[in-house]
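Letters A, B, ... mirror the listed sequences (proteins, then strands); counts begin at 1.
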There are 2 protein chains.
Amino acid sequence: MGERSRASTIADVAAHAGVSQASVSRVLNGKQSVDPVIVHRVQASIAALGYSPSPAARSLVHGRNDTIAMVVPDLENPLFQGILKGLSLAAASDGYRVLVADTAERVDDEESTAVEARQRCDALVLCAPRMPEQRLRRLVSRVAPVVVVNRPLPDADVPIVGVDYVRGIRDLVDHLHALGHRSIAYVTGPVSSASNAERLRGVAEATGAHPDVRVDVVPGGSRLDDGYAAADAVLAARDAGATAVIAFNDLVALGLMTRLRELGVDVPGDLSIAGFDDVPMAGFATPRLTSMSVPRGEIGAQVWARLRTLIAGGPIEHTVLFRPRLEARESTGPVR
Amino acid sequence: MGERSRASTIADVAAHAGVSQASVSRVLNGKQSVDPVIVHRVQASIAALGYSPSPAARSLVHGRNDTIAMVVPDLENPLFQGILKGLSLAAASDGYRVLVADTAERVDDEESTAVEARQRCDALVLCAPRMPEQRLRRLVSRVAPVVVVNRPLPDADVPIVGVDYVRGIRDLVDHLHALGHRSIAYVTGPVSSASNAERLRGVAEATGAHPDVRVDVVPGGSRLDDGYAAADAVLAARDAGATAVIAFNDLVALGLMTRLRELGVDVPGDLSIAGFDDVPMAGFATPRLTSMSVPRGEIGAQVWARLRTLIAGGPIEHTVLFRPRLEARESTGPVR
DNA sequence: CTGTTAGCGCGTTCAA
DNA sequence: TTGAACGCGCTAACAG
């Protein structure tokens, strides 16, 4: 194989067309008017040489590269996937690309990863549910423009797009309460997770609103195996009177249901179970899982909308929280 | 708010330290030896100014930007997620980032998306299961260095990393055959998908090896709903004698099982069902789904390994196909 | 070991 | 309307 032929530059085109680089640049960007004859000639040369402008050079001149970065703790989480997909599609429709940085749950790397990613991109989307709040605040001020996803950050100069977990849990407790449940077990998410803290606040508010309801907290996690492993603790709670379970998310709920089935526990006969996020699988589980639906793609789209105005020099728009919607299915039933 | 202060440049650092830009550059890259005194002074200035080099300028001068792009048809597919995650982690360990481009199943956009992504990145990973082969061949030659994922492309100058679907299906048929099944229904994937074609080849080879086995093909898809919707056709096949089902992938299998359960069909009592990919949920389904396990993360890592040697000017390494491993679970049982 | 110079490819003044 | 010249920020070649 011969040497890889160097891609043609704007200078090549200019020479080929017998005009100046400036003219080529002008027909390329169409910002100024140029003689139709030149336009035509330049276009011909561009086609002939198969020229396409260098994004790197453009970036250097413009100081931006039409790319944003999204930092996530785990790409395998259906929630982040959905958000990423929505973000990617929305950004693409405005000519922006998305760089993803998976921190592989290593909280200590999140900061440097974010800063590094931000340097090569025009803006940042931060999903860092476990980063200590103070550190996050510092980080956010360093990497603006940035949007924070799925965690509260009071009085910070940053747009936030997220889910109203507090309200979601309350609505879910209402649902269970209406079914007659008075003793509920909550299987937690990762202990340091902000969205878990939010859910716990929801639990607190719910018990405040329903003094006749008590909620026991059981340690869990965020994945299928975590739910599976939480079964024993859940059964202990049941023996202590619990008739229903709220899991941190659907994966935990699904894993839990699997183990309960193995143990011969009937759902919802012996125990009602509800999840959160309404992942695609929820509606296909056995029994179909009751869950709080979260508009993943729409979250991504909203994130982009906010980032876009930020990039354009616009204001920091208000926090937007989506209220989860109850999807009542088979896994929750009346207490008996 | 005042004006956003412009980030400091290498010139600022040079001035602050009272040395030339070249010296700053040298201490930055550590390629040449520099007087310790200067090193120290420059580092101090860098810290004082909070300087960090511009990736754009570096890209322009080096002709690369330490970023690769991955083009996928659907970010929500667990298979691509796993590959993306493995790729992202492996690339990150070598200082490379990953840009993702979701073509949202729009086959017609794949080509331009890929070319566009390639221009801003040093290399490309192509997941385009439905792109017509000839178009893919042309594309591949345009965007090198590139690695193609999960589809054969005989005699093309491109490394391929994928799954041996043919062998996987054969092994799966062997499994069912050993259980006594002689009439099997195969629920297809997307018609134009390359990996579906591979599976069909596997079916053909399997029936060749087992003349006593017959396989009926039933139209399906790639997602949960597709499997759900295929139930009627599958039942028709059962009425025609089929005792087992192989689904295009786990999602289809899971969707199918859900519908069958609604219809009162016992799995595996009335019908054995097997999927493909071994997604995390497979082992948690009811009943636990028999599947062919595919090393998603490892595929991503292998893709990176090949891309890396390509970027370094190395040879086009040989195709590597992972042989799926049977995960026999509850959803397949002996014919009765 | 250090500073000066010359690009990398493009956009954008500024005159003509 | 066009072209020449400069600068974006950095690295590499060349002197000193």
I want to check one thing: is the phosphate of D:dG3, taken as OP1 and OP2, less than 4.0 Å away from some side-chain N or O of A:Ser20? yes
So, OP1 or OP2 of D:dG3: does either fall under 4.0 Å of a side-chain N or O from A:Ser23? yes
Point-to-point distance, once rounded to the nearest 0.5 Å, from [atom1] of [X] to [atom2] of [Y]:
X        : Y        : atom1 : atom2 : result
B:Lys85  : A:Glu76  : NZ    : CD    : 5.0 Å
B:Ile299 : B:Leu79  : CD1   : CG    : 6.0 Å
B:Asp109 : B:Glu116 : CG    : CD    : 11.5 Å
B:Ser88  : B:Ile83  : OG    : CD1   : 13.0 Å
A:Asp102 : B:Arg97  : CG    : CZ    : 14.5 Å
B:Ile10  : B:Ser45  : CD1   : OG    : 12.0 Å

Counting only heavy atoms and a strict 4.0 angstrom limit, can you tell me which residues of residues 54-66 of chain A come near DNA chain D? A:Leu60, A:Val61
Quick one: does [X]'s side chain get under 4.5 Å of [Y]'s, heavy atoms only?
X        : Y        : answer
A:Arg130 : A:Pro190 : yes
B:Thr67  : A:Thr67  : no
A:Tyr96  : A:Leu307 : no

Name every residue in residues 27-53 of chain A that has at least one heavy atom under 4.0 Å from any atom of DNA chain C, in order of residue number, or write none if there are no such residues.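 Contacting residues: A:Asn29, A:Tyr51, A:Pro53.
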Taking atom CZ of A:Arg135 as the centre, report whether more than 12 heavy atoms of other residues, nucleotides or ligands fall under 6.0 Å from it. yes
Under 4.0 angstrom, heavy atoms only, what part of the nucleic acid is A:Val19 near: base, sugar-phosphate, or nothing?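 It contacts sugar-phosphate atoms only.
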Would you please say whether a donor-acceptor pair under 3.5 Å links the side chains of A:Gln302 and A:Arg306? yes
Calculate the interatomic distance between B:Arg26 atom CZ and D:dT11 atom P; express it in whole Å.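 For the pair B:Arg26 CZ and D:dT11 P, the rounded distance is 11 Å.
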Could you tell me the separation between the CD atom of B:Gln21 and the P atom of D:dT11, rounded to a whole number of Å?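 Rounding to the nearest Å, CD of B:Gln21 and P of D:dT11 are 10 Å apart.
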Of all nucleotides in DNA chain C with an atom under 4.0 Å from a non-hydrogen atom of chain B, which is the first and which the last going 5' to 3'? C:dC1 to C:dG9
